[in-house]
Structures are given as C-alpha cells and as structure tokens.
Protein chains: 2
Amino acid sequence: MSESERARGVRTWTIGELAGEFEVTPRTIRFYEDQGLLAPQRIGTQRVFHERDRVRLALVLRGRRIGFSIEEIRRIVDMYDAEPGEAGQLRYLLDQIAVRRAQLTQRAADIAATLAELDEVERRAREDLAGLTRPTPRRGRATRPQP
Amino acid sequence: MSESERARGVRTWTIGELAGEFEVTPRTIRFYEDQGLLAPQRIGTQRVFHERDRVRLALVLRGRRIGFSIEEIRRIVDMYDAEPGEAGQLRYLLDQIAVRRAQLTQRAADIAATLAELDEVERRAREDLAGLTRPTPRRGRATRPQP
DNA sequence: AGCGAGATTGACGTTTACGTTAAGGTAAGG
DNA sequence: CCTTACCTTAACGTAAACGTCAATCTCGCT
C-alpha cells in the first residue's frame, strides 16, 4: 500500500498480494491478463490492481473451480459488463445465458448425485470399520466394552 | 446384440454403441480403459461391454462433467468397489471421502452463486431489450401500439 | 469367397493451462 | 550506494486428455 493510498481509501494490490490472497501464482494472474480476462492499470510497467480487478479475478477463479475453460470463462465474465447494445446482441446474450444455465444445472445435478453416493460409501465404510474394531457384532448381539 | 444375447436377457454393447450413446468417441473409451477406469471383457481382441461397464462409464463421465481429473475420477470410482479391507485402509477411505465432499460442496456453492448472477444479468438484459423494442417507456408513460 | 462397416493396436500430434528458467528492472530500507 | 524483495517480459517446457492417422483384423452378409 502506498502513502497516498493509505491517506485516501482507495486500496490497490500488487500482483504478489493478489496471488497470495487467492492462492495462485503470479504467473497464473499474468496468464489471465494475457487471455484478456484481466486488464489491471499500469504504472510504468508495473501492474496495479484495483477493487474491480480483484472482483474479476474472483469471478475467474470461481469459473475455474466450476470446471469452465478459459474460453468459457471469458464469455461469462464478458456478460457482466456487456453494453446494453442492440436487440440482436441482447438476444444473443440471453441465448448464452440459457446455455450456461443448462450446463450449470447439469453440473449441480452431477454433484448432488455424487454427494449422495459418497454418503452411501461412507456409511458402508463406517459399518465395516465398526465390524473390525468391535469383534463381529452380528445379528444385533450386544457388545460390551472391555473391562 | 448377438443371437445368444437376445435369447437370454444379458444385453452387451460394442465400443461404438457405447460411444454413440454417451456422445464420446471410441478413442475416449479406449483411453479410459488405458487409464484403468474401465476393464471390459475381451472376446479375442474385441471389447465386450456389460451393464456394469456401462454404469462405470456413466460414473466416469459424470466425474468429468463435474471437472475432476482422470486421477481424481480414478480414486472416486475405486471407492465404490473397494474391498472392506483393514482398518487403516478404511480410515484412509473416509479421509478421501471428506476431501471429495469438501471439493464438491465448494463447487456446488460456486455454481449456486453463478446461477444467481446469471439471473441478475438476464433480468437486466430483458429490461434493456424491453426498452429497445418499445420506444422509451419511461416514467410509466403508456405506449400505444402503432396504427 | 469377397465386401463393407466397424473393430483393433500403436504412434505421433494438438490444445489447454499454466510451470519454469533466464535476464534483468525498481522501490524501500539501512 | 547496496542489498533485499519483489516486479517485468520473453521464451521454452510439460502434463492431461484426447484427436488423428496408419496399418491391419474380423463380423455379418451375400
């Protein structure tokens, strides 16, 4: 944080600070800039990240966690600050939104199904584990703790 | 389907049939076999896929849609048919389950947040679109259809 | 026996998403 | 002024997940 920044309330970040905060490498952030996902201010050659850049990076990383490619992420984040534009553009945007929504809904269903199956596997594992630590407590036979 | 299969009720599939059904290429299925995710029966050199192979492929593709790597998918599907094994193994399995669950929960949250934002973008887009097709219906002024 | 559709195993190519040097520039503190 | 810590571009490297040939082989049918 520079002197003048601490004076007013306009916090900025260096590439390293953002990298640390979001647990990615600076290389990753530069790569995203290369791909047009970020466009931080420059002072000389140095990058200066403002709050909106931070938000955008968070969006990008969320897209990444969801499993979207850079190209798909680009399209999504571009939606956020699209100019109102003309009717054709808006209809295209609405189409894109429908596509993304379908993808996300599918992924959500996949995740729910997988979570349910994890529950089942865990239940069986706990059963097996109980059957190992306690000696064969089959058919409801009570097992008293060892004295 | 072969003669004897149609006679009894034990439907099997060729690689091409499965590929068509799941909309992947045969190459993809062979790759998954190479990676140990599938192990179809062989008759001579030809692969014969049974119901359990089909189920397994579905699991693998679901993992892929969720965004897991082949390695992660392998660990997950291996959980399903893990032998009860010893206590140490079971505890490791429970650990793995916890890890996967955390990942999946994070992804689910990301998806929910993204869906919410898509809703918001769509709402704005529809507003803008309405403002374009109807001529500037500002401040509640009624807009009559053109004669 | 011959044909065409689809199957097989290599083996090399491609794209994505960064990692990893190399070779320096810069700002703050002592 | 010197060090230390961090920043810069440029360029090459790489692991994952297949795609894309090439060169057979095999089934089912006529």
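Only heavy atoms go into these numbers, but all of them, side chains included; no hydrogens, no water, no symmetry mates.
- If you take CD of A/Gln46 and C1' of D/dA5, they are 12 Å apart, rounded to a whole angstrom.
- Applying the 4.0 Å criterion to OP1 and OP2 of C/dG19, one finds that A/Thr28 has a side-chain N or O inside that range.
- Take the nearest nucleotide of DNA chain D for B/Ile70 and for A/Arg42: the residue whose nucleotide is more 5' is A/Arg42.
- Salt bridge status for B/Arg56 with B/Asp78: present, with a side-chain N to carboxylate O gap under 4.0 Å.
- Remark: C1' of C/dC18 and CG of A/Leu61 are 13 Å apart, rounded to the nearest angstrom.
- Mapping B/Thr45 and B/Ser69 onto DNA chain D by nearest heavy atom places B/Ser69 at the nucleotide closer to the 5' end.
- Ion pairing of B/Arg91 with B/Glu86 is absent here, as no side-chain N (NZ or NE/NH1/NH2) approaches a carboxylate O to less than 4.0 Å.
- As rounded to whole Å, 20 Å separates atom C1' of D/dC18 from atom CZ of B/Phe68.
- Electrostatic pairing of A/Arg42 and A/Glu33 counts as a salt bridge here, judged by a charged N lying under 4.0 Å from a carboxylate O.
- Distance CZ (B/Arg64) to P (D/dA17): 10 Å, rounded to an integer number of Å.
- If you take CZ of A/Phe31 and C1' of D/dT8, they are 18 Å apart, rounded to a whole angstrom.
- Checking C/dA17, C/dA7, D/dT9 against the side-chain heavy atoms of B/Thr14 singles out C/dA7 as nearest.
- In this entry the distance linking CD1 of A/Ile29 with C1' of D/dT9 reads 16 Å, nearest Å.
- The base of C/dT20 sits with one of its N or O atoms less than 3.5 Å from a complementary donor or acceptor on the side chain of A/Arg27.
- Under 3.5 Å, the side chain of A/Arg30 and the base of D/dT8 form no donor-acceptor pair of N or O atoms.
- Between B/Glu72 atom CD and D/dA15 atom P the separation is 17 Å, expressed in whole Å.
- Within the 4.5 Å cutoff, no side-chain heavy atoms of A/Gln103 are placed close to those of B/Arg65.
- For C/dT8, one of the phosphate oxygens OP1 or OP2 lies less than 4.0 angstrom from a side-chain nitrogen or oxygen of B/Arg47.
- For the pair A/Tyr32 and C/dA17, the criterion of a side-chain N or O lying under 4.0 Å from OP1 or OP2 is not met.
- Remark: P of C/dT15 and CD of A/Gln35 are 14 Å apart, rounded to the nearest angstrom.
- For A/Ile15, the side-chain atoms get nearest to D/dT8 when compared with the rest of D/dT8, D/dC18, C/dC18.
- Classification of B/Asp53 and B/Arg47 as a salt-bridged pair fails, no side-chain N sitting under 4.0 Å from a carboxylate O.
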